[in-house]
Undergrad: 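This is the structure I want to talk about, given as structure tokens.
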Amino acid sequence: MKWEVSDSEHDRWKIGNQEEKDFWLSLKEEEFLAQERGYRSFAEQIMHRLPLYDIKPNYRALQVGCAVIDAIVFMEGGDRYAVDPLADFYKQHFERANNPSVDYRQGVGESIPFQDAFFDVVICSNLLDHVANYHVVLEEIKRVLGQPNIVYFGTDVYPDGIAVSRWEKTSRGEIFDIQHPHSFT
């Protein structure tokens, strides 16, 4: 699927990615360990559900927006892939992101570099509020999913009042949260 972004959206996206790099570089070890515990638990929940949806042990799973560490790292078996615009940065700066069981790819959710119906499992956790165009990301996820499948979504949400305020600022062209251009309720 072809997608386009305006120059201002692209500039915002580049600045947001730099802030994401800065966030990970400044994260303290105890925070990494806390995240590891949470993502390990999340991976266990996913693995527990695979047989319930007739997902076989030789499954293919994709984490869109993998960051330095996420659930895909802790899943067992199958073929595991991760796509993130900062994947090369993560692999270069963080040993945690060099898991030989996961095929990390530099890329964006708006253009997932895999063939149609390739995956049985797609994980999209804390991603949709970061991307340039979440509608295109959702279409790409739909495109790469085979049958049977499981999709896990998770995103930050806001109370209605805060979301309305964020939407109003966005409609006026204000940049108030460079890393999170989208607001969901």
Side-chain angles (χ1 to χ4, degrees), residues 1-3 5 13-14 16-18 20-21 23-25 27 31-134 136-155 179:
M1 171 176 279
K2 184 163 173 48
W3 65 284
V5 220
W13 186 77
K14 287 191 321 190
N17 279 340
Q18 183 57 53
E20 191 77 9
K21 289 177 183 179
F23 167 82
W24 285 106
L25 288 171
L27 197 64
E31 286 297 318
F32 271 113
L33 294 174
Q35 288 195 20
E36 283 181 11
R37 285 190 300 274
Y39 288 126
R40 187 179 303 279
S41 174
F42 183 35
E44 288 170 4
Q45 292 172 41
I46 293 170
M47 295 302 300
H48 177 73
R49 286 174 175 80
L50 295 183
L52 302 174
Y53 292 90
D54 200 30
I55 307 293
K56 305 297 184 214
N58 62 342
Y59 68 90
R60 288 188 197 135
L62 171 66
Q63 174 103 38
V64 184
C66 62
V68 173
I69 191 163
D70 218 314
I72 199 77
V73 172
F74 300 107
M75 292 174 67
E76 298 172 3
D79 293 326
R80 294 175 281 153
Y81 301 84
V83 172
D84 194 291
L86 300 176
D88 291 344
F89 168 81
Y90 297 143
K91 288 188 292 188
Q92 179 183 2
H93 293 279
F94 300 95
E95 187 62 33
R96 290 173 167 93
N98 289 301
N99 184 325
S101 300
V102 179
D103 180 346
Y104 294 92
R105 307 272 179 108
Q106 181 89 8
V108 295
E110 291 88 350
S111 183
I112 298 174
F114 293 95
Q115 66 192 28
D116 295 358
F118 190 75
F119 293 102
D120 307 298
V121 179
V122 173
I123 304 164
C124 180
S125 177
N126 189 27
L127 170 79
L128 291 182
D129 54 333
H130 288 265
V131 300
N133 187 324
Y134 66 87
V136 176
V137 172
L138 293 172
E139 286 299 319
E140 278 291 278
I141 289 170
K142 182 178 170 185
R143 179 186 66 77
V144 299
L145 274 171
Q147 291 293 330
N149 65 61
I150 298 175
V151 180
Y152 285 90
F153 281 103
T155 194
Q179 288 187 15

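In this text the structure is predicted, and so the values were computed from the model without any measurement.
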Undergrad: First locate atom CG of Leu86, then atom CD of Gln92, and finally report the distance between them rounded to the nearest 0.5 Å.
TA: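 Between Leu86 CG and Gln92 CD, I get 11.5 Å after rounding to 0.5 Å.
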Undergrad: Nearest 0.5 Å, what's the OH-CD1 distance between Tyr152 and Ile46?
TA: 5.5 Å
Undergrad: Between CE of Met47 and CG of Leu50, what distance do you get to the nearest 0.5 Å?
TA: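 Atom-to-atom, Met47:CE and Leu50:CG are 5.0 Å apart.
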Undergrad: Just by modelled atom types, is the Ile112 backbone N or O under 3.5 Å from a matching donor or acceptor in the Glu140 side chain?
TA: yes
Undergrad: Do Gln106 side-chain atoms and Pro85 backbone N/O form a donor-acceptor pair below 3.5 Å?
TA: yes
Undergrad: Mind checking side-chain hydrogen bond (donor to acceptor under 3.5 Å, both in side chains) for Glu36 and listing every partner two or more places apart, or none if nothing turns up?
TA: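 By the side-chain hydrogen bond (donor to acceptor under 3.5 Å, both in side chains) rule, Glu36 matches Arg96.
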Undergrad: With the side chain counted from C-beta on, respond yes when Phe42 and Ile123 share a heavy-atom pair under 4.5 Å apart, and no when they do not.
TA: yes
Undergrad: What residues form a salt bridge (Lys or Arg N to Asp or Glu O under 4.0 Å) with Lys142, not counting sequence neighbours?
TA: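 Residues passing salt bridge (Lys or Arg N to Asp or Glu O under 4.0 Å) with Lys142: none at all.
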Undergrad: Is Gln45 close to Arg49 at the side-chain level, that is, under 4.5 Å between some pair of heavy atoms?
TA: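 In short, these two side chains touch, coming nearer than 4.5 Å.
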Undergrad: Table please: side-chain donor-acceptor pairs of residues 54-69 below 3.5 Å, with sequence neighbours left out.
TA:
from, atom 1, to, atom 2, distance (Å)
Asp54, OD1, Lys56, NZ, 2.6
Tyr59, OH, Glu76, O, 2.6
Tyr59, OH, Gly77, O, 3.0
Arg60, NH1, Phe118, O, 3.1
Gln63, OE1, Ile72, N, 3.3
Gln63, NE2, Asp70, OD2, 3.2

Undergrad: Both conditions, 6.0 Å and 45 degrees, for the charged tip of Lys21 above the ring of Phe89: are they met here?
TA: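 Flagged: Lys21 positioned over aromatic ring of Phe89.
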Undergrad: Aromatic ring centroids of Tyr81 and Phe114 under 6.0 Å?
TA: yes
Undergrad: Could you state the interatomic distance from CD (Gln35) to CH2 (Trp24), rounded to the nearest 0.5 Å?
TA: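 The CD atom of Gln35 sits 4.0 Å away from the CH2 atom of Trp24.
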Undergrad: If you count every heavy atom of other residues, nucleotides or ligands that lies below 6.0 Å from Phe153 atom CZ, does the total exceed 12?
TA: yes
Undergrad: Report yes if some heavy atom in the side chain of Val122 is under 4.5 Å from a heavy atom in the side chain of Leu145; otherwise report no.
TA: yes
Undergrad: How close do Asn133 and Glu110 get, heavy atom to heavy atom, and via which atoms?
TA: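 So the minimum-distance heavy-atom pair works out to N-OE2, 2.9 Å.
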Undergrad: I would like to know whether Phe94 and Leu25 meet side-chain contact (heavy atoms from CB on, under 4.5 Å); could you show each step before the answer?
TA: CA-CA 9 Å; Phe94 300 95; Leu25 288 171; 3.9 Å; yes
Undergrad: Determine the minimum heavy-atom distance between Arg80 and Val73, stating which atoms define it.
TA: NH1-O, 3.3 Å
Undergrad: Check the pair Asn99, Tyr104 against side-chain contact (heavy atoms from CB on, under 4.5 Å), reporting the backbone distance first and the verdict last.
TA: CA-CA 9 Å; Asn99 184 325; Tyr104 294 92; 3.6 Å; yes
